[in-house]
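Okay, so here's the structure we're looking at.
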Amino acid sequence: MSEKKETIVLIVDDEKFFLKKISDTVQALGYPCLTSDNADSALNNLRDNNVDIVLSDVVMPERSGIELLQRIKEIYPMTPVVLMSGRADMEITIQALNHGAFHFISKSEDIEIANALTKATAFNRSISDEVEHRLGLERKLSEQDTRIKDSMVMVQDLTVELVQRLTKMAEYRDSTTGTHNARLGHYSTVLAEAAGLSEEFIISISFASPMHDIGKVAIPDKILLKNGRLTEEEMDIIKSHTVTGHSILRGSTHPSIEMAANVALSHHERFDGTGYPYGIKGEEILIEGRIVSICDVYDSLRSERPYKQPYSHEQACDILMNGNERTRPEHFDQELLKTFRKVSRNFDEIYTSLQNDQRSGKNIMAFKLPQLAS
Ligand SMILES: [Fe+2]
Ligand SMILES: [Fe+2]
């Protein structure tokens, strides 16, 4: 909103007599005014004061009223400039109007001056009303925008919390895995980023990978928590966590949940076709499954299990790259394995920093939330 109460008029005329006469007329009409006897002084006055209307003579030495008008239109395009002349000259009138003069009047006619000032004042008011209206609309839009952003943040928080609680539920069933699921979110994000996958993919895999073992909720405790060697039949039941996880998560229209279903199904498939549940190989296994497979095996190698001691980072990397009696490098996508090698230090950092956060209640998920525009 404009804080100005009065309309200030700048009068420009090289003839002292007219300068005085016109300023008396303008003041008598109730407008405070400033005066300049040349174009340069007028521009200084415009720069230093809040001038609302310019009344300028056309014929002046050095710079003419038309030149002044052109300059004013460049610097203050919304300020109405009324050009005045001592004589009615059609050519000058047309030139003035063509250069954007608000009006062209005779400077000796007080009534013309009064009319021009009334019109210019009304014009200024309509402009400031328009600006105020626009500012009001912008304010409303920005308030709306803030409300929408707040709601989106709330929905994001809700989503994060739900996935966190869902994966925690799976972890409660199997206390030996600790924050394995959350760590998988971090590893997968790092590996997907290093592999140059799209931002959309990275966001999805950061959500999807912590749910990879969700199907374990359906495995009976006596098998899931068994402290000894599993029979072949029990092993088959354990393996069913892939298809169970898939059936829990499949059919969503949300890309991250759809990816979670794929990851649940394929994270134990192996690149050489020796994995489960379907024994598919190579690029038949979706990239998200191939990524989570490397991360899952790395984390299992690092972790203590009822059947094994934890391996160091170096040992885990060596097993992934060169194999041991259970794990072969051929199980993995070779390109991804090369990428893993490049960023393996980050895996170690993730394992070390998140290992101690088990059940601390701290949000340790890796979710790459889409950035809300500020
Ligand atoms: Fe699994
Ligand atoms: Fe796992």
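First listed ligand is number 1; within each ligand, the first listed atom is number 1.
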* Each residue besides Tyr278 in its hydrophobic cluster should be listed here, by chain and number; the cluster joins Ile, Leu, Val, Met, Phe, Trp and Tyr at side-chain heavy-atom distances under 4.5 Å. => Val243, Leu265, Ile280, Ile285
* **Heavy-atom check, side chain of Leu224 versus side chain of Lys216, under 4.5 Å** => yes
* **Validation row: Val297, Phe332 side chains within 4.5 angstrom (heavy atoms)** => yes
* Not counting sequence neighbours, which residues clear salt bridge (Lys or Arg N to Asp or Glu O under 4.0 Å) with Glu62? List them please. => none
* How many N, O or S atoms of the protein are nearer than 2.8 Å to the Fe ion (ligand 2)? -> 4
* Asked: Which residues pass the side-chain contact (heavy atoms from CB on, under 4.5 Å) test with Gln144, sequence neighbours left out?
  -> Leu141, Arg147
* Atom NZ of Lys226 and atom CD of Glu234: how far apart are they, to the nearest 0.5 Å? -> 3.5 Å
* Closest approach to the Fe ion (ligand 1) by His268, given as the N, O or S atom name -> NE2
